[in-house]
Amino acid sequence: MNVEHELHHFLQQKFGFTEFKAGQEEVITSLLNNRSTVAILPTGTGKSLCYQFFGEYTKQPVVIISPLLSLMQDQVEQLRLQGEKRVVALNSNLSFQDKRQVLEQLNRYAFIYLAPEMLRNEAVLAALLQLNIGLLVIDEAHCISAWGPDFRPDYLQLGQMRHQLGDPLTLAVTATATKRVLADMTKLLRLPASFKLVQYSVDRPNIFLATEKLPDEQTKKERLLSLLKQLPGPGLIYFSSKKQCDELTELIQQKTSLHVAAYHAGLSFAERYAVQQQFLTGQLDLICATSAFGMGINKTDIRYVIHYHMPQDLENYVQEIGRAGRDGQQSIAIILFNENDRFLQKRLAFNSLPNSDELELYQQSPAALKSASLESESAYLVTRYQQMGISFADMEQIFTQRRTEKLRALQQMLAYVNYPDCKRNFILRYFDEERVVKHQQNCCQLGEESYDLQQIFANVDQVTNNLPKNTPPSRDYRQVLQKLFRDD
DNA sequence: CGGCAAGAATTTATATTCTTGCCGGTGCAATAAT
């Protein structure tokens, strides 16, 4: 039996699938050839199967770096449902005793999930070193570039951690990456130059792209309500402010008959989990959310994603609209834009980084830095950079450069909103794809011309692609909640 | 970093100009107190 047949046979036996989805076989083969791999695959193509397959096939332990506790939880649950019990999420949800026990017997697990922050724990690193890691996986690897520099600095340390673990075979997976983000990932992970890149287009042809410019807030609200009355659901609205997210949720409740809930980091873990489950099971028509919502959400029938505020950059935009239409059916992405929105994003971008006054203060007074780092995000960042051995002079340079990059990305986002020609091609160019698509009727709105919702959704069945229709298993979320948070 | 609304100030004003405060996304781990 040749290798290809053997892989298919194993896929059927172990996972019950007859075919690999796009990219999976290429990734698995590359890993089996002992080549570290970066996989940029569209959402819904089963990225996790790649490393699950590798682990089961080679019978070697797989360590997965995951950005969110909820993501780890989902994956662990899914693996257990598939019958794989040797799986653990090594995180702060574990009690001290449980954690110690897991660390003592780490070699009993085939799949170990953890957040990058956990690698700072020496006991954890030591236990991982005892293991013969077959594969190190960086899930949602764009976080390295998007979150590392100013939000979760431990992402910057992954390369060094990887080295300390003996430079194991590595797989980095994400749905979107420009050339710049890809370069960040390979550099920060210190991947060997021989790494293999498996990349598919970011284009999602079944998502119509629209932007509307509105003169003021009042008009924007009215337009939003009128859209909600016309659009087929379920849907998602993104905000860049928790306050406005809450306000609009209430307004929608008052003015429409839609079942709607808000989702943002101001809510407790339990509340967020409940909202998410109600959305997945169809009890909610619509979620108003901040960027907290989305990663790891597997709902296939989202018909529209509206941006009440445009995001900071096109990377985020493509991630967020990519949550629509995973079933391949016609969907739509709409940005409602008001000129003042640009300042909101500018503020957010600038605020996340320490400015030179702050840096100077902290440099002169370590005591001020210490007391501030408990509350201020940027002071904490400075502390972490110091721990990484980065000087104040270098920090100033790094932060300045980062600010410039963020500003440039925001300019591109604005250019997209204002772009009078085919927006799909704008996105393809931004993501450095050579390919140019032919503008079609159901592609995007051009310039200021209006678009016809009825026409867009008229011939739903003509739009097809090979994305799977995998509805999540229905379950009572209250039970899961109880299990997860016994003391809530 | 910039707009905006509310309120204060202003050459005694029912109108304009100036000032102030407000607006603001994403999460890990670990600690401390029960």
Side-chain angles (χ1 to χ4, degrees), chain A residues 65-73 89-96 99-100 113-125 139-140 142-158 161 215-218 237-247 262-269 272 288-297 307-313 315-317 319-320 338-358 373-374 376-378 380-381 383-384 387 399-400 403-404 406-407 409-411 413 487:
Chain A
I65 307 295
S66 171
L68 302 178
L69 298 178
S70 59
L71 222 57
M72 296 181 209
Q73 197 60 51
L90 187 53
N91 59 38
S92 58
N93 286 346
L94 293 180
S95 68
F96 185 76
K99 189 174 161 189
R100 199 181 56 189
Y113 288 86
L114 41 87
E117 286 82 0
M118 200 48 117
L119 291 173
R120 273 158 66 190
N121 185 317
E122 282 178 23
V124 170
L125 203 62
D139 199 8
E140 306 286 357
H142 61 279
C143 292
I144 293 169
S145 183
W147 282 357
D150 50 30
F151 182 51
R152 290 178 62 179
D154 289 273
Y155 264 105
L156 300 178
Q157 294 284 82
L158 279 181
M161 295 303 164
D216 54 55
E217 279 299 302
Q218 195 48 42
I237 308 175
Y238 275 106
F239 297 84
S240 298
S241 142
K242 289 185 276 194
K243 195 177 163 205
Q244 291 194 62
C245 176
D246 283 336
E247 284 170 6
Y263 185 107
H264 53 67
L267 305 173
S268 73
F269 202 124
R272 288 162 66 168
C288 291
T290 60
S291 57
F293 185 83
M295 251 197 281
I297 300 297
H307 277 79
Y308 192 83
H309 300 126
M310 61 165 185
Q312 263 182 24
D313 53 49
E315 279 93 336
N316 278 302
Y317 188 60
Q319 284 268 347
E320 285 164 5
N338 166 347
E339 286 297 333
N340 288 334
D341 293 345
R342 72 176 72 208
F343 303 114
L344 176 61
Q345 295 306 342
K346 227 175 178 175
R347 262 204 319 275
L348 283 171
F350 272 81
N351 257 327
S352 59
L353 292 156
N355 58 37
S356 48
D357 287 348
E358 271 180 286
S373 66
L374 295 173
S376 143
E377 191 67 29
S378 61
Y380 171 75
L381 207 63
T383 309
R384 290 287 295 123
Q387 287 166 0
F399 294 144
T400 306
R403 224 174 261 123
T404 313
K406 283 195 159 192
L407 225 49
L410 180 57
Q411 291 305 328
M413 188 69 232
D487 41 6

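Throughout, a chain's letter reflects where its sequence line sits, starting with A, and its residues are numbered from 1. These numbers were taken from a predicted model, which means no experiment stands behind them.
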ask   = How does each nucleotide of nucleotides 24-32 of chain B score, in 5' to 3' order, for protein heavy atoms under 4.0 Å: base (B), sugar-phosphate only (S), or none (-)?
value = BBBBBBS--

request  = Would you kindly say whether A/N338 and A/D341 are connected by a side-chain donor-acceptor distance under 3.5 Å?
outcome  = no

query = Tell me: CG of A/D341 to P of B/dC4, nearest whole Å?
reply = 12 Å

request  = Determine the Euclidean distance between corresponding C1' atoms of B/dT10 and B/dT14; express it in Å to zero decimal places.
outcome  = 13 Å

message = Heavy-atom count check: over 12 atoms from other residues, nucleotides or ligands less than 6.0 Å from A/R120 CZ?
response = yes

task = For B/dA13 and B/dG7, measure between their C1' atoms and round to the nearest Å.
result = 16 Å

Whether A/Y238 and A/H307 hold their rings parallel, tilted or perpendicular, with breakpoints at 30° and 60° = parallel

query = How far, in whole Å, is B/dC18 from B/dT11 if one measures between their C1' atoms?
reply = 15 Å

request  = Can you measure from CD1 (A/I65) to CE (A/M161) and round to the nearest 0.5 angstrom?
outcome  = 10.0 Å

ask   = B/dC23 and B/dC1: how far apart are their C1' atoms, nearest whole angstrom?
value = 13 Å

query = To the nearest Å, how far apart are A/K346 NZ and B/dC1 P?
reply = 9 Å

task = Dump the intermediate steps for side chain to side chain contact (heavy atoms under 4.5 Å, CB included) on A/D139 and A/M72, then the final yes or no.
result = CA-CA 10 Å; A/D139 199 8; A/M72 296 181 209; over 6 Å; no

message = Is a donor from one side chain sitting under 3.5 angstrom from an acceptor on the other, for A/E315 and A/H142?
response = no

Pairing annotation in dot-bracket form, given for DNA chain B with Watson-Crick or G-U pairs under 3.5 Å and | for cross-strand partners = .(((((((((....)))))))))...........

Any residue meeting salt bridge (Lys or Arg N to Asp or Glu O under 4.0 Å) with A/E247, in chain and number order, not counting sequence neighbours = none

query = Phosphate oxygens OP1/OP2 of B/dG2: is one of them under 4.0 Å from a side-chain N or O of A/N340?
reply = no

inquiry  = Between A/D154 and A/R384, does the salt bridge (Lys or Arg N to Asp or Glu O under 4.0 Å) criterion hold? Intermediate values first, please.
reply    = CA-CA 8 Å; A/D154 289 273; A/R384 290 287 295 123; 2.8 Å; yes

ask   = How far apart are the C-alpha atoms of A/Q244 and A/E217, what are their side-chain angles, what is the distance that settles it, and do they pass the side chain to side chain contact (heavy atoms under 4.5 Å, CB included) test?
value = CA-CA 11 Å; A/Q244 291 194 62; A/E217 279 299 302; 3.6 Å; yes

key: Integer angstrom distance from the C1' of B/dG3 to that of B/dG24   = 14 Å

